[in-house]
Amino acid sequence: MAAIWYEGNRNNEQNRREKDGVVYYIRGLREVDGVRYERYGIKTHFIEKGEDYIEVLRKYVAPLYQPGDVVTLGEKVISMCQGNIVTMEEVKVGFWAKFLSKFAYRSATGTGLSEPYKLQLAIDMKGLPLVLWASFRSALGKLRGKRGVFFEILGREIAGIDGFYPHSQFDTYKTTAVLSTTDPVGVCAAIYEKLGISCVLVDANDIDVEVLGKSPDLNEVTDANLAERIRDNPAGQDDELTPFILIRDIGDAEAEPFVPLVAIDKPEH
């Protein structure tokens, strides 16, 4: 599936709605397997380390939720609530991180491991020998036209590191890295048990959508189907503050008026 890129903040004021004190933005229709889904980006405050994600969802999502809806949860926000973060002050960048980062691929959506702090964090978490081996195998893979070998070897724990972005819209993410969510399936199960909200924990960006966990009532729905409902990354990559996307099957009903965004060929590096 080709990536879908958009530029800037997606919170078009013409798509803004409010209900029971909750602000949300229409994100348009998406048809998956013959079903018409309307998506709503739910606006929150900037969620900080240690907040209770159950209470955050109770405040922002529960007032809008209807039986049959599915809510996607941005991994970064849930990890922040769990306190799974590392600050630059906690990372001491060494020779190998500085050296290897010069050869790392810089993606269009972030600095990746070309950021020495992020590479040092990978070394701290997995050990220098494994990172050197992954770097060597990655270099061989690139010669053969294959990317992604580095993360295949080090695993999702490293691939899921998010942050240390000097150009982030949020100061927190300039000096903080967010790690992978702990027990994503358990997180979704707890939300469903306590709030009755069907949910999916995702790592989503303008390149891909990865389903990390889902509430037990969705076990019969494929990850591919769930990911396709938000393939265009309606949560956004800018400063939208819409980490929760409510997805609603509207059947044959008329969709909300929606001013669409214009996709671009690729982002600027």
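Note that the structure is predicted; figures quoted are calculated from it, not measured. Quick note: numbers below take in every heavy atom, side chains included, and nothing from hydrogens, waters or symmetry partners.
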Peer 1: If the condition is side chain to side chain donor-acceptor pair (under 3.5 Å), which residues does R58 pass it with, not counting sequence neighbours?
Peer 2: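 For R58, the residues satisfying side chain to side chain donor-acceptor pair (under 3.5 Å) (neighbours in sequence not counted) are E55.
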Peer 1: Would a hydrophobic clustering, with Ile, Leu, Val, Met, Phe, Trp and Tyr connected at side-chain separations under 4.5 Å, put V185 with V221?
Peer 2: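 In one cluster: no.
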Peer 1: Checking V209 against N233 for the side-chain contact (heavy atoms from CB on, under 4.5 Å) test, could you report, in this order, the C-alpha distance in whole Å, the side-chain angles of both residues, the deciding distance, and whether it holds?
Peer 2: CA-CA 8 Å; V209 177; N233 189 23; 5.7 Å; no
Peer 1: Restricting to non-hydrogen atoms, name the atom on I123 and the atom on W96 that form the minimum distance, rounded to 0.1 Å.
Peer 2: CD1-CB, 4.3 Å
Peer 1: Does a side-chain N-to-carboxylate-O contact under 4.0 Å join E152 and K146?
Peer 2: yes
Peer 1: Tell me, please, which residues at least two apart from Y40 pass side chain to side chain donor-acceptor pair (under 3.5 Å).
Peer 2: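 For Y40, the residues satisfying side chain to side chain donor-acceptor pair (under 3.5 Å) (neighbours in sequence not counted) are E38.
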Peer 1: Spell out, yes or no, whether V149 and I161 are grouped together once hydrophobic residues are joined by side-chain heavy atoms under 4.5 Å, including indirect joins.
Peer 2: yes
Peer 1: Should we say atom CD of E18 is surrounded by more than 12 heavy atoms from elsewhere, each under 6.0 Å from it?
Peer 2: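 Yes, because the 6.0 Å sphere around CD of E18 holds more than 12 heavy atoms from other groups.
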Peer 1: If we ignore hydrogens and angles and just use 3.5 Å, is the side chain of N205 paired with the main-chain N or O of I207 as donor and acceptor?
Peer 2: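 Flag set: sc N205 to bb I207 pair under 3.5 Å.
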Peer 1: Which heavy atom in K118 sits nearest to a heavy atom in Y165, and how many Å separate them?
Peer 2: NZ-CE2, 3.6 Å
Peer 1: Can you classify the ring geometry of F99 versus F95 as parallel (below 30°), tilted (30 to 60°) or perpendicular (above 60°)?
Peer 2: parallel
Peer 1: Using only atom types and a distance under 3.5 Å, with no angle test, would you say the side chain of R39 pairs donor to acceptor with the backbone of I247?
Peer 2: no
Peer 1: Scan the side chains in residues 61-68 for donor-acceptor partners under 3.5 Å anywhere in the protein, sequence neighbours excluded, and list what turns up.
Peer 2:
| from | atom 1 | to | atom 2 | distance (Å) |
| --- | --- | --- | --- | --- |
| Y65 | OH | D69 | O | 3.1 |
| Y65 | OH | S198 | N | 3.1 |
| Y65 | OH | S198 | OG | 3.4 |

Peer 1: Using the side chain to side chain contact (heavy atoms under 4.5 Å, CB included) criterion, which residues pair with A159? Sequence neighbours excluded.
Peer 2: F151
Peer 1: For T72, enumerate each residue passing the side chain to side chain donor-acceptor pair (under 3.5 Å) test, keeping only those at least two apart in sequence or located in another chain.
Peer 2: none
Peer 1: Would a single hydrophobic cluster contain both V32 and V71, if residues Ile, Leu, Val, Met, Phe, Trp and Tyr are joined by side-chain heavy-atom contacts under 4.5 Å?
Peer 2: no
Peer 1: Ignoring hydrogens, what is the shortest heavy-atom contact between V178 and Y173? Give both atom names and the distance.
Peer 2: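 Shortest heavy-atom separation between V178 and Y173 comes out as CG2-CE2, 3.6 Å.
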Peer 1: Would you compute the distance between atom OG1 of T181 and atom CG of N84 and round it to the nearest 0.5 angstrom?
Peer 2: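 It is 7.0 Å, given to the nearest 0.5 Å.
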Peer 1: Among N11, T44, I42, which one satisfies side chain to side chain contact (heavy atoms under 4.5 Å, CB included) with T242?
Peer 2: N11
Peer 1: With the 4.5 Å side-chain cut-off for hydrophobic clustering, are I54 and V70 part of the same group?
Peer 2: no
Peer 1: With hydrophobic residues grouped by side-chain heavy-atom distances under 4.5 Å, do I197 and Y24 end up in a single group?
Peer 2: yes
Peer 1: Quick one: does any side-chain atom of R30 pair with a main-chain N or O of E228 as donor and acceptor, under 3.5 Å?
Peer 2: yes
Peer 1: Could you walk me through whether Y60 and V23 pass the side-chain contact (heavy atoms from CB on, under 4.5 Å) check?
Peer 2: CA-CA 8 Å; Y60 291 107; V23 173; over 6 Å; no
Peer 1: Taking the side chain as C-beta and beyond, is there a heavy-atom pair between Y192 and L218 under 4.5 Å?
Peer 2: no
Peer 1: List the atom of P184, the atom of L212, and the distance in Å for their closest heavy-atom pair.
Peer 2: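 Residues P184 and L212, closest heavy atoms: CG-O, 3.5 Å.
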Peer 1: Do side-chain atoms of R36 reach the backbone of A253 as a donor and acceptor pair under 3.5 angstrom?
Peer 2: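 Present.
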Peer 1: Go through the structure and list residues passing side chain to side chain contact (heavy atoms under 4.5 Å, CB included) with N219, not counting sequence neighbours.
Peer 2: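 In terms of side chain to side chain contact (heavy atoms under 4.5 Å, CB included), with neighbours along the sequence ignored, N219 is linked to K214, P216.
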Peer 1: Any idea which heavy atoms bring I47 and P243 closest together, and the distance?
Peer 2: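 In this case the closest contact between I47 and P243 is CD1-CG, 4.5 Å.
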Peer 1: Taking Q169 for its side chain and D238 for its backbone only, find out whether a donor-acceptor pair lies under 3.5 Å.
Peer 2: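 No; zero donor-acceptor contacts below 3.5 Å.
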Peer 1: I'd like to check L100 versus L132 (side-chain heavy atoms, cut-off strictly below 4.5 Å). Are they in contact?
Peer 2: yes
Peer 1: Is E90 reaching over with its side chain to a backbone N or O of T87, donor-acceptor style, under 3.5 angstrom?
Peer 2: yes
Peer 1: About how many Å separate CD1 of I153 and CZ of F136, when rounded to the nearest 0.5 Å?
Peer 2: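 These two atoms lie 10.0 Å from each other.
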Peer 1: Can you list everything that forms a side chain to side chain donor-acceptor pair (under 3.5 Å) with E193? Sequence neighbours excluded, please.
Peer 2: none
Peer 1: Could you give all pairs that pass the side-chain hydrogen bond (donor to acceptor under 3.5 Å, both in side chains) test and reach residues 125-134, with sequence neighbours left out?
Peer 2: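 Passing the test, one end in residues 125-134: K126-E157.
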Peer 1: For V77 and Y53, what are the C-alpha separation, side-chain angles and deciding distance, and is it a side-chain contact (heavy atoms from CB on, under 4.5 Å)?
Peer 2: CA-CA 8 Å; V77 163; Y53 57 80; over 6 Å; no
Peer 1: Kindly confirm or rule out a cation-pi arrangement of K142 over F103, judged by NZ or CZ under 6.0 Å from the six-membered ring centre and within 45° of its axis?
Peer 2: no
Peer 1: Give me each pair satisfying side-chain hydrogen bond (donor to acceptor under 3.5 Å, both in side chains) with a member in residues 249-261, each pair once, sequence neighbours excluded.
Peer 2: R17-E256
Peer 1: Could you pull out the closest heavy-atom pair between V131 and A122, with the gap in Å?
Peer 2: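 Heavy-atom minimum between the residues: CG2-O, 3.9 Å.
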Peer 1: What distance do T182 atom OG1 and I78 atom CD1 have between them, rounded to the nearest 0.5 Å?
Peer 2: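 Spacing of OG1 (T182) from CD1 (I78) equals 11.5 Å.
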Peer 1: Using 0.5 Å steps for rounding, measure from the CZ atom of F244 to the NZ atom of K43.
Peer 2: 13.5 Å
Peer 1: Is there a side-chain contact between R10 and P234, using heavy atoms and a 4.5 Å cut-off?
Peer 2: no
Peer 1: Going by the rule side chain to side chain contact (heavy atoms under 4.5 Å, CB included), which residues pair with E13 if we only count those two or more places apart in sequence or in a different chain?
Peer 2: R16, Y25
Peer 1: What distance do C199 atom SG and L246 atom CG have between them, rounded to the nearest 0.5 Å?
Peer 2: 11.5 Å
Peer 1: Name all residues meeting the side chain to side chain contact (heavy atoms under 4.5 Å, CB included) criterion together with N15; count only those two or more places apart in sequence or in a different chain, and write none if there are none.
Peer 2: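 Residues passing side chain to side chain contact (heavy atoms under 4.5 Å, CB included) with N15: N12, I26, F258, V259.
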Peer 1: Between L73 and I191, is the side-chain contact (heavy atoms from CB on, under 4.5 Å) condition met? List the steps.
Peer 2: CA-CA 11 Å; L73 320 168; I191 291 170; 3.5 Å; yes
Peer 1: Can you tell me which residue among R248, R27, R229, E31 is in a side-chain hydrogen bond (donor to acceptor under 3.5 Å, both in side chains) with Y37?
Peer 2: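 Result for side-chain hydrogen bond (donor to acceptor under 3.5 Å, both in side chains) with Y37: R229.
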Peer 1: With a 4.0 Å cut-off on N to O distance, would you call D52 and K194 a salt bridge?
Peer 2: no
Peer 1: Let me confirm one number: the SG-NZ distance from C81 to K49, rounded to the nearest 0.5 Å.
Peer 2: 12.0 Å
Peer 1: Treating S101 as the side-chain partner and K98 as the backbone partner, does any N or O pair qualify as donor plus acceptor under 3.5 Å?
Peer 2: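 Present.
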Peer 1: Please identify each residue that fulfils ring pair (Phe, Tyr, Trp, His ring centres under 6.0 Å) with F170, with sequence neighbours left out.
Peer 2: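 For F170, the residues satisfying ring pair (Phe, Tyr, Trp, His ring centres under 6.0 Å) (neighbours in sequence not counted) are F46.
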